[in-house]
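Just so you know, these numbers come straight off a predicted model, no measurement behind them. First the proteins, then the strands, lettered A, B, ... as listed; each starts at 1.
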There are 2 protein chains.
Amino acid sequence: MDKRLVEPDEGVPIADRDVLRPSPLPLYQQVKRHLVQRVLAGEWKPGQSLPSEQKLAQEYKLSQGTVRKAIEEMAQEGLVSRQAGRGTFVTSHSGNYEPFRFHRLFDNEGRRIATDAVSFVRVEDRSINARAAAGLQLDPGAPSTECLRLRHLDDQPVLVEKIVLNARLTPDIAPILSREEPPSIYQLLERDYNLLVTRVVERVRARGAAGEEARLLGLAEGTPVLEVERIAYSLGGAPVEWRIMVGETSKIHYLHSSG
Amino acid sequence: MDKRLVEPDEGVPIADRDVLRPSPLPLYQQVKRHLVQRVLAGEWKPGQSLPSEQKLAQEYKLSQGTVRKAIEEMAQEGLVSRQAGRGTFVTSHSGNYEPFRFHRLFDNEGRRIATDAVSFVRVEDRSINARAAAGLQLDPGAPSTECLRLRHLDDQPVLVEKIVLNARLTPDIAPILSREEPPSIYQLLERDYNLLVTRVVERVRARGAAGEEARLLGLAEGTPVLEVERIAYSLGGAPVEWRIMVGETSKIHYLHSSG
DNA sequence: CAGTGGTCTAGACCACATC
DNA sequence: ATGTGGTCTAGACCACTGA
């Protein structure tokens, strides 16, 4: 039976339903939005399971189908993953669901540049550089944490990364980075700051190697290098990280499949 | 009522249903597969509308919801697009649905490199070059059509494209390319060969400009340039085109959003 | 065994397009 | 006024998981 027949507008129940009422948005979108908030608030931690569709349908006083559609969209966006017979689980970068899914750099044998040795050259708090400020939508001079690291492949340096974090979103992260030297920044953002990176925008350019990066990579000045400039957005759309990766492309390339 | 109650297994009807029966695949997947075939066979041409959900449900003797799920997946994959109140339409590269969706090169003002002046330097039938052969999964020496063209931006040459097509899939395309000089090869593949490009894989590298491309772009030998190597696959998964694009990246960059 | 998500049905109302 | 896709309901059976 159609809900609108049963509850014309006022026989309305429950607190949760109040949250969902006034908007003209479809119910399943409202449910999705609400569930996403609850996941972000940590009500269910990464790896844990959400309540079953039945339970959620009862809680929101909606049909199972409506809740299902909300959860299906969340699954499609990678926030949760579903397993028939088991349940719906909050995905995690730290879990083994899709580690390194944003790493699009590969070596010539098709191996992903991700799990290799990383050395941290420098980690410091400083006022943000102009280019990163533009990317992170911050005023020039805003506080930031900047991190320079170097990836190796077969003991050869292949990639320099400069990573800039908005210090207002990730306060006191510098000592953590220095101490732990984590292979994945995004794991750390999720674990310590509840920031889930869901989307990145990358710009790829070619240019000649220069200055410190040339030295770190062991290249002559002017050698053609690939530059990947990345802005990472957290769930909700706030830019949390600006990153630039530079590597010589006799050894590595950027790979993208689409369709 | 559940269909399985009404039709245990043998009260089964209709030719279409026979096609869909023996497999263990969900019904909506079978419907999807069948509809995709019908679109590819040209039963509904790009821009035209499919029958309504109701009609298709009757035709397949299934519920509207099942047909809907099939069509929704097709829409998600971009084969059709849906408009409430109007219908479901076969998408087209020539139509205005998603033109140039594979073009990921932009200038520094954020404009897509796509609609600009194109000049054809050369179009010829020849035996395939080694690199394209590997990409297209062909034997070295297989017949191919090779096309070299140059894109301009504000009257400056910015991008050299070498395009190689598998002559077995696209016979006699050379004269068409020479005559029409189309801005989009994929429109032509769809119109004249019923090949719908649905997926591309791109590898991006940096290197020094060399030989003919340096001359065409007006660059000194060794100037860093961006090289995008693309393999385009048609619906069904056959590689139909290998393409290499080379440009100086003081003027252009490769952009990719993900998540 | 009970519980979960996955599939399928049948029917309702809605907003929107078109004529 | 008619027809379209978009939303929502209520209930069925299934395959799979885990205790």
Side-chain angles (χ1 to χ4, degrees), chain A residues 1-9 11-13 17 20-21 23-33 35 44 48-76 80-91, chain B residues 1-9 11-13 17 20-21 23-33 35 44 48-76 79-91 97:
Chain A
M1 201 186 312
D2 190 329
K3 170 135 260 150
R4 287 183 211 78
L5 270 181
V6 186
E7 301 175 2
D9 232 2
V12 187
R17 189 55 178 285
L20 302 180
R21 260 288 130 174
S23 157
L25 216 59
L27 283 177
Y28 78 90
Q29 287 285 0
Q30 300 178 45
V31 171
K32 178 188 166 194
R33 194 178 282 195
L35 286 174
W44 311 289
Q48 293 181 347
S49 70
L50 270 61
S52 73
E53 295 177 354
Q54 276 296 349
K55 294 237 180 73
L56 287 171
Q58 285 170 23
E59 183 184 336
Y60 287 114
K61 298 216 183 304
L62 295 170
S63 86
Q64 187 176 353
T66 303
V67 171
R68 173 185 302 266
K69 198 158 179 187
I71 299 176
E72 268 172 356
E73 284 205 358
M74 292 166 70
Q76 223 156 8
V80 298
S81 84
R82 329 191 74 201
Q83 290 172 255
R86 300 228 304 136
T88 300
F89 301 84
V90 180
T91 41
Chain B
M1 199 185 315
D2 191 330
K3 169 135 260 151
R4 286 185 210 76
L5 271 180
V6 186
E7 301 176 3
D9 232 0
V12 187
R17 189 57 177 284
L20 302 180
R21 261 287 130 178
S23 158
L25 215 60
L27 284 177
Y28 77 90
Q29 288 283 1
Q30 300 179 44
V31 172
K32 178 188 165 194
R33 195 177 282 196
L35 286 174
W44 311 288
Q48 292 181 348
S49 70
L50 269 60
S52 73
E53 295 177 353
Q54 276 295 351
K55 294 237 181 72
L56 288 171
Q58 286 170 22
E59 183 183 337
Y60 286 113
K61 299 218 182 301
L62 295 171
S63 86
Q64 187 176 351
T66 302
V67 172
R68 156 159 298 159
K69 199 159 180 186
I71 299 177
E72 269 172 356
E73 283 204 359
M74 292 166 70
Q76 220 154 11
L79 182 59
V80 299
S81 85
R82 328 191 75 200
Q83 290 172 253
R86 300 228 304 134
T88 300
F89 301 84
V90 179
T91 35
Y97 291 108

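Between Q64(B) atom CD and dT9(C) atom P the separation is 11 Å, expressed in whole Å. Between the CG atom of L25(A) and the P atom of dC14(C) there is a distance of 18 Å, rounded to whole Å. The nearest whole Å value for the distance from the NZ atom in K32(B) to the C1' atom in dC8(C) is 18 Å. Rounded to an integer number of Å, the gap from E53(B) CD to dA10(C) P is 15 Å. A straight line from CD of Q54(A) to C1' of dG6(C) spans 14 Å, rounded to a whole angstrom. In this entry the distance linking OH of Y28(B) with P of dC13(D) reads 21 Å, nearest Å. E72(B) has its CD atom 14 Å from the C1' atom of dC8(C), to the nearest Å. If you measure from atom CD of E73(B) to atom P of dG6(C), you get 13 Å, rounded to the nearest angstrom.
When each of S52(B) and Q29(A) is assigned the nucleotide of DNA chain D bearing its nearest heavy atom, the one mapping closer to the 5' terminus is S52(B).
Contact of the L56(B) side chain with the V31(B) side chain is not registered, since no non-hydrogen atoms from C-beta on lie closer than 4.5 Å. Between Q54(B) and Q58(B) there is a side-chain heavy-atom pair separated by less than 4.5 Å. No side-chain heavy atom of T88(A) sits less than 4.5 Å from a side-chain heavy atom of M74(A).
Taking every side-chain heavy atom of R68(A) into account, dG5(C) is the closest of dG5(C), dC8(D), dT7(D). In the set dT7(C), dG5(D), dT7(D), dG5(D) carries the atom at the smallest distance from any side-chain atom of T88(B).
No hydrogens or angles were tested; on distance alone, nothing pairs the side chain of R82(A) with the base of dG6(C) as donor and acceptor under 3.5 Å.
Listed by chain and number, the residues in a side-chain hydrogen bond (donor to acceptor under 3.5 Å, both in side chains) with Q29(A) amount to none (sequence neighbours excluded). Taking the side chain to side chain contact (heavy atoms under 4.5 Å, CB included) definition, one finds that S49(B) meets it with F89(B), sequence neighbours left out. Remark: K32(A) pairs with E73(A), E77(A) by the salt bridge (charged side-chain N to carboxylate O under 4.0 Å, His left out) rule, at least two apart or across chains. With sequence neighbours excluded, the residues that form a side chain to side chain contact (heavy atoms under 4.5 Å, CB included) with A75(B) are V80(B), R82(B).
For dT7(C), the OP1/OP2 oxygens have a side-chain nitrogen or oxygen of K69(B) closer than 4.0 Å. Applying the 4.0 Å criterion to OP1 and OP2 of dG3(C), one finds that K55(A) has every side-chain N and O outside that range. The side chain of S63(A) places no N or O atom within less than 4.0 Å of a non-bridging phosphate oxygen (OP1 or OP2) of dG11(D).
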| field | Secondary-structure string, 5' to 3', Watson-Crick or G-U under 3.5 Å, | for another-strand partners, for DNA chain D | value | |.||||||||||||||||.
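Between the CH2 atom in W44(A) and the CG atom in L35(A) there is a gap of 5.5 Å [rounded to 0.5 Å].
Of all non-hydrogen atoms in V67(A) and A57(A), the two that sit nearest each other are CG2-CA, 3.7 Å. Summarising the geometry of Y28(A) relative to T66(A), their closest heavy-atom pair is CB-O, 3.5 Å, with the distance given to 0.1 Å.
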Might you list the N or O atoms of the protein lying below 3.5 Å from N or O atoms in nucleotides 16-19 of chain C, with each pair's distance?
residue : atom : partner : partner atom : Å
dT18(C) : OP1  : R86(B)  : NH1          : 3.3

